Novice: 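After the structure tokens below, expect a handful of questions from me.
Predicted model, so just to flag it, every value in this text is computed and none were measured. In what follows, every chain begins at residue 1, and chains take the letters A, B, ... in the order their sequences are listed.
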Amino acid sequence: MEALIALIIATLTGSGVYLALRARTFPVVLGLTLLSYAVNLFLFVMGRLTVGEPPVIDAAAAGYADPLPQALVLTAIVIGFAMTAFVIVLALKARSELGSDHVDGREEA
Amino acid sequence: MNLLLVVLLPFAGAALVAWAAHGHRHAAAWAAGGVTLASLAALAPSLGGAFAGAVTVWRLPWMPSVGLDLAFRLDGLAMLFALLILGIGVLIVIYARYYLSERDSMGRFYACMMLFMGSMLGVVLSENVIQLLIFWELTSLSSFLLISYWQHRADARNGARMALTVTGAGGLALLGGLLLLGEMAGSYELSVILAQGEAIRAHPLYVPMLALVLLGAFTKSAQFPFHIWLPNAMAAPTPVSAYLHSATMVKAGVFLLARLFPALSGTPEWSWLVGGAGLATLLVGAYFALFKHDLKGLLAYSTISHLGLITLLFGIGTPLAAVAGVFHIINHATFKASLFMAAGIIDHESGTRDMRKLNGLWQYMPYTATLAMVAAASMAGVPLFNGFLSKEMFFAEAVHRTAGLPGGWLLPAAVTLAGVFSVAYSLRFIHDVFFNGEPIDLPKTPHEPPRWMKVPVEVLVALCLLVGMLPALTVAPLLHVASAAVLGAEPPEYSLAIWHGFNAPLMMSLLALAGGVLVYAARRPLFAWYARMAGLIDAHAIYHRIVETLFALAAGVTRALDNGSLQRMLFVFVLFALAVGVHGFQSAQGPLSGARALLPVDGISVLATLGLIAATLMTVVLHRQRFVALIVIGVVGLVVSLIFVKFSAPDLALTQLSVEIVTIVLLLLALFFLPQRTPAESSAPRRWRDGALALAAGGGAGLLAWAVLTRPYDSIAGYFLANSVPGGGGSNVVNVILVDFRGFDTLGEITVLALAGIGIFALLEKLRLDAPVCDAQGRAWDWDMHPAIMASLTRLLLPLALLVSVFIFLRGHNLPGGGFIAGLVTAVALIMQYLANGVAWTHTRLPGNMHPMIGFGLLIATLTGVASFAFGHPFLTSAFTHVHGPLVGEFELASAMAFDLGVYLVVVGATLLILIHLGLLHDASHRPGAAGGEAR
């Protein structure tokens with residue numbers, strides 16, 4: 001199971017990096033979205049993988065997953081949304097001001 | 001407590017003064033004088049103790065664990081400087097009131113001066129050296145404002161910039177030095193540092209620390225070769241020069257030498273560095289002062305020279321030399337302030353400061369001339385004036401320190417030579433200006449200044465005379481306690497008598513007087529010789545070359561790293577991160593895989609993984625078709641939330657799911673204004689290059705994740721799990737961490753969220769974007785359809801959705817849910833209304849202004865935190881209780897719930913703010929008759 005997660009993180013990171021290196025704003029935003037999935041997953045699994053043991057205190061529970069990375073990732077997801085929103089609006093603003101959706105604000109031949 | 005007031009009053013006064021100037025320009029002067037006197041009055045109660053030799057320390061603990069407190073200290077040295085700063089400050093306030101013309105803004109002048117005064121007081125009264133450094137930097141900044149007071153003049157701007165560059169660079173060095181010093185002494189408190197002298201001097205890092213501290217002191221005190229900023233600072237109004245270059249700014253450097261004297265002095269390094277810099281500065285300053293034709297230029301170089309003298313005295317390092325240094329600080333402050341003011345009067349009343357034009361002013365302003373003569377005689381070290389006393393002590397120490405050493409005559413000879421020049425330029429100041437024939441082409445006919453413009457000069461000149469003739473009755477007690485504070489011990493026996501018999505110092509004084517007269521008599525051939533020599537070494541050209549080289553270097557580095565291309569910058573960034581990661585892997589010991597038992601793989605997980613990977617790769621392959629790529633990336637997000645479900649993170653799964661929806665809606669809205677397709681513009685090699693980097697980055701991240709996942713670990717989770725119910729009153733540990741254990745982090749995070757929302761609002765304001773009329777296939781771009789069934793359904797669903805969010809919110813403390821998730825659910829429910837019914841319809845029914853909601857949310861969260869203070873607990877301590885109520889039975893009331901409500905409001909507000917305004921933009925873009933616009 002750990003190998004699958006590592007593979008997922010690898011795919012998300014690689015794809016995110018590739019898209020972030022593109023020349024137009026929209027693919028870059030998609031790339032950043034993929035990268036934040038990758039980073040959130042990576043942070044989350046730092047608490048190792050646990051199945052069926054949510055960190056909700058219960059007398060009958062056999063054990064608990066590590067709640068700390070979960071708390072960190074929860075806010076990271078919300079902040080990630082705010083960041084995505086900011087970047088995409090910045091892209092819109094750039095397009096309005098510069099007349100292009102190229103990341104460097106220029107139209108390439 | 002009153003020490004805090006002494007420092008804070010001028011800062012508060014700066015605002016008061018600026019405000020007072022709106023009423024009447026002279027009100028600013030009255031206010032500034034009042035503030036200075038108030039600060040002096042605040043100091044008064046502590047003076048008695050300080051005169052008795054007591055050290056008062058007042059402290060407000062801030063972070064005592066790392067040695068950071070707001071701490072002020074009053075001892076003899078601090079008192080001497082505080083009295084100089086405030087006393088001369090009052091005189092400057094009076095003087096400037098008459099000096100500034102109708103065109104100059106009084107409010108700005110006095111406000112900057114109050115800022116500067118407060119910063120100086122902070123420097124001399126600080127107990128904590130980090131705090132001292134902060135005030136030190138404030139003096140650099142506020143003196144920048146004062147020097148550049150006449151902003152319309154290029155020389156003022158350049159002079160101010162140069163002063164800031166040199167003293168700012170010194171401040172940076174000083175920061176390093178003080179940090180080292182603090183580490184060596186084990187404390188940033190002066191009381192501790194001053195008692196640790198031996199340990200500090202024996203420390204292996206003593207020399208670098210000393211060099212850094214001295215760089216700070218030397219740049220501030222204009223020691224050679226950093227003296228070049230001081231003459232350029234003469235572009236400031238004369239009251240500023242009189243203040244900065246007599247009692248304050250430049251004295252901060254020698255203050256630091258005196259302050260740290262017990263801790264740092266007594267080593268050969270100290271003697272050579274401090275003594276060497278002092279001697280060089282003494283000679284260079286005295287030499288150049290003679291040849292300046294500008295009255296203030298002469299005074300500027302003479303100031304440099306006298307600062308060199310004081311530095312040299314501390315460098316000599318004997319207790320008597322330190323006493324002489326303190327004494328000369330007092331004397332220099334009095335005679336130099338009065339000389340600057342006299343120069344200002346001459347400039348003010350005759351219109352020029354050029355000594356080649358100013359001649360024979362005696363007949364126009366005999367009274368001012370008399371005052372200037374007394375001060376100049378003091379500067380020259382003529383007997384019966386105060387400068388003579390400290391200069392005698394200086395000569396005596398120069399002889400005493402080198403007696404018996406090989407080449408021991410060199411230092412006495414050098415200081416006598418400096419004395420010769422000092423007499424010569426003082427003589428020039430008097431003779432050239434007040435005698436020496438008739439004035440030449442003066443812009444104005446000179447006359448005596450207004451009565452009150454002379455008063456400050458009179459006060460200072462009287463002091464020069466009183467101290468010079470009756471030292472024991474005037475300055476002795478102050479000198480005694482200040483010297484004791486510098487030495488950290490009882491000062492040695494010294495005599496302030498004027499007559500010590502025929503001894504070496506007296507001979508040197510006489511030699512200097514006679515030599516000075518001779519040099520002055522031979523001034524014409526000397527000036528001609530200097531004019532030929534000038535330009536051989538141009539310190540300013542060197543300074544400008546250094547600054548320009550630095551700028552060019554900075555520009556080169558910036559250009560090399562950032563050519564304006566985001567693609568390139570990101571490439572370099574990822575490459576660097578990769579290189580660091582590879583290095584980490586290479587230097588790691590042990591196998592890649594760890595010993596942790598792995599979880600078994602099941603079929604569904606494999607399928608989900610394959611689906612996620614397929615969707616991710618499809619996003620990449622199809623990224624040119626933006627709409628398709630967006631749909632596919634939604635699948636990725638959904639599978640990620642499934643991963644959270646699988647691995648025991650229900651809160652994360654809920655959050656991810658709702659954020660996913662909001663993100664896709666957001667990106668769809670944005671796509672409305674962006675081109676449908678991405679043009680293929682990267683060349684094949686570039687795609688291969690990016691692909692290779694992406695592969696490496698992905699592989700690295702995967703390997704790292706594998707290496708960590710297969711290793712056993714130890715976590716602090718146990719604490720949270722054990723204390724969640726007893727300490728936080730909630731069984732959902734993730735939520736308890738968010739609103740209780742790490743509540744402060746969450747407060748920061750919702751603040752970021754609020755800022756992002758407001759930032760987006762600001763970006764979208766006045767933004768106009770045109771959406772295309774039709775798509776690539778020729779279909780209308782915007783149908784604006786609101787299908788009746790969907791619209792009715794979402795309206796029906798709204799109360800249900802809101803109910804769900806309330807439920808999720810309420811149970812959040814004990815079961816998966818909470819403010820973040822409930823906020824997102826509410827936001828999704830409301831956004832559904834916009835999507836199904838259109839912005840216009842929804843806008844009439846829902847308030848569109850989300851700012852109050854965000855504000856309330858932050859306010860509630862912060863107030864919940866502050867409320868803990870009322871109960872004597874630290875910020876954001878939570879409390880909870882169980883309540884029995886009708887119908888609902890037993891339920892829990894926790895203060896954390898109020899905090900979570902704040903989180904909820906901010907999340908709802910920020911999310912809606914972003915989406916609504918993007919939607920409004922959408923609405924505005926096609927209203928004027930674009931396709932489908934009428935269909936609504």
Novice: Pick from B:Leu598, B:Leu570, B:Val640, B:Leu753: which one has the most heavy-atom pairs with chain A under 4.5 Å?
Specialist: B:Leu598
Novice: Using a 4.5 angstrom heavy-atom cutoff, name the option from A:Ile88, A:Thr33, A:Thr50, A:Val73 with the most pairs to chain B.
Specialist: A:Thr50
Novice: Highest number of heavy-atom pairs under 4.5 Å with chain A: which of B:Leu918, B:Asp745, B:Leu671, B:Val752?
Specialist: B:Leu671
Novice: Is it the side chain or the backbone of A:Tyr37 that comes within 4.5 Å of chain B heavy atoms, both, or neither?
Specialist: side chain
Novice: When you compare the side chains of A:Glu2 and B:Thr710, does any donor N or O come within less than 3.5 Å of an acceptor on the partner?
Specialist: no
Novice: Would you say B:Asp651 and B:Asn732 are linked by a side-chain donor-acceptor pair, where the criterion is simply a distance under 3.5 Å?
Specialist: yes
Novice: Closer than 3.5 angstrom, by distance alone: can the side chain of B:Ser731 be matched with the main-chain N or O of B:Asn814 as a donor-acceptor pair?
Specialist: yes
Novice: Among A:Leu41, A:Thr25, A:Val29, A:Ile9, which residue forms the greatest number of heavy-atom pairs with chain B at distances under 4.5 Å?
Specialist: A:Leu41
Novice: Regarding A:Arg95 and A:Ser100, is there a side-chain donor-to-acceptor distance under 3.5 Å anywhere?
Specialist: no
Novice: Are there over 12 heavy-atom neighbours, none belonging to B:Met618, within less than 6.0 Å of that residue's CE?
Specialist: no
Novice: Below 4.0 angstrom, N of the basic side chain to O of the carboxylate: do A:Arg24 and A:Asp104 qualify?
Specialist: no
Novice: Is A:Ile5 in contact with chain B via its backbone, its side chain, both, or neither, using a 4.5 Å heavy-atom distance?
Specialist: side chain
Novice: Hey, is CZ on B:Phe573 packed in by over 12 heavy atoms from elsewhere, all under 6.0 Å?
Specialist: no
Novice: Between A:Arg48, A:Glu53, A:Arg22, which shows the greatest number of heavy-atom pairs under 4.5 Å with chain B?
Specialist: A:Arg48
Novice: Only pairs of heavy atoms separated by less than 4.5 Å count here; which of A:Phe44, A:Phe26, A:Tyr64 has the most with chain B?
Specialist: A:Phe26
Novice: Could you tell me which of B:Leu693, B:Thr663, B:Val734 has the largest number of non-hydrogen atom pairs under 4.5 Å with chain A?
Specialist: B:Val734
Novice: In terms of heavy-atom pairs under 4.5 Å with chain A, which of B:Thr746, B:Val636, B:Leu703 leads?
Specialist: B:Val636
Novice: Only pairs of heavy atoms separated by less than 4.5 Å count here; which of A:Leu7, A:Asp66, A:Val28 has the most with chain B?
Specialist: A:Asp66
Novice: Among B:Val601, B:Ile633, B:Thr911, B:Leu666, who wins on heavy-atom pairs under 4.5 Å with chain A?
Specialist: B:Ile633
Novice: Give the interface residues of residues 79-87 of chain A toward chain B, defined by a heavy-atom separation under 4.5 Å.
Specialist: A:Ile79, A:Phe81, A:Ala82, A:Thr84, A:Ala85, A:Phe86
Novice: Is it the side chain or the backbone of A:Leu68 that comes within 4.5 Å of chain B heavy atoms, both, or neither?
Specialist: both
Novice: Pick whichever of B:Phe820, B:Phe647, B:Phe571 has the most heavy-atom pairs under 4.5 Å with chain A.
Specialist: B:Phe647
Novice: Over 60° means perpendicular and under 30° means parallel, so tell me whether B:Phe720 and B:Phe741 are parallel, tilted or perpendicular.
Specialist: tilted
Novice: Using non-hydrogen atoms only, which part of A:Leu49 is less than 4.5 Å away from chain B: side chain, backbone, both, or neither?
Specialist: both
Novice: Pick whichever of A:Pro67, A:Ala6, A:Ala91 has the most heavy-atom pairs under 4.5 Å with chain B.
Specialist: A:Pro67
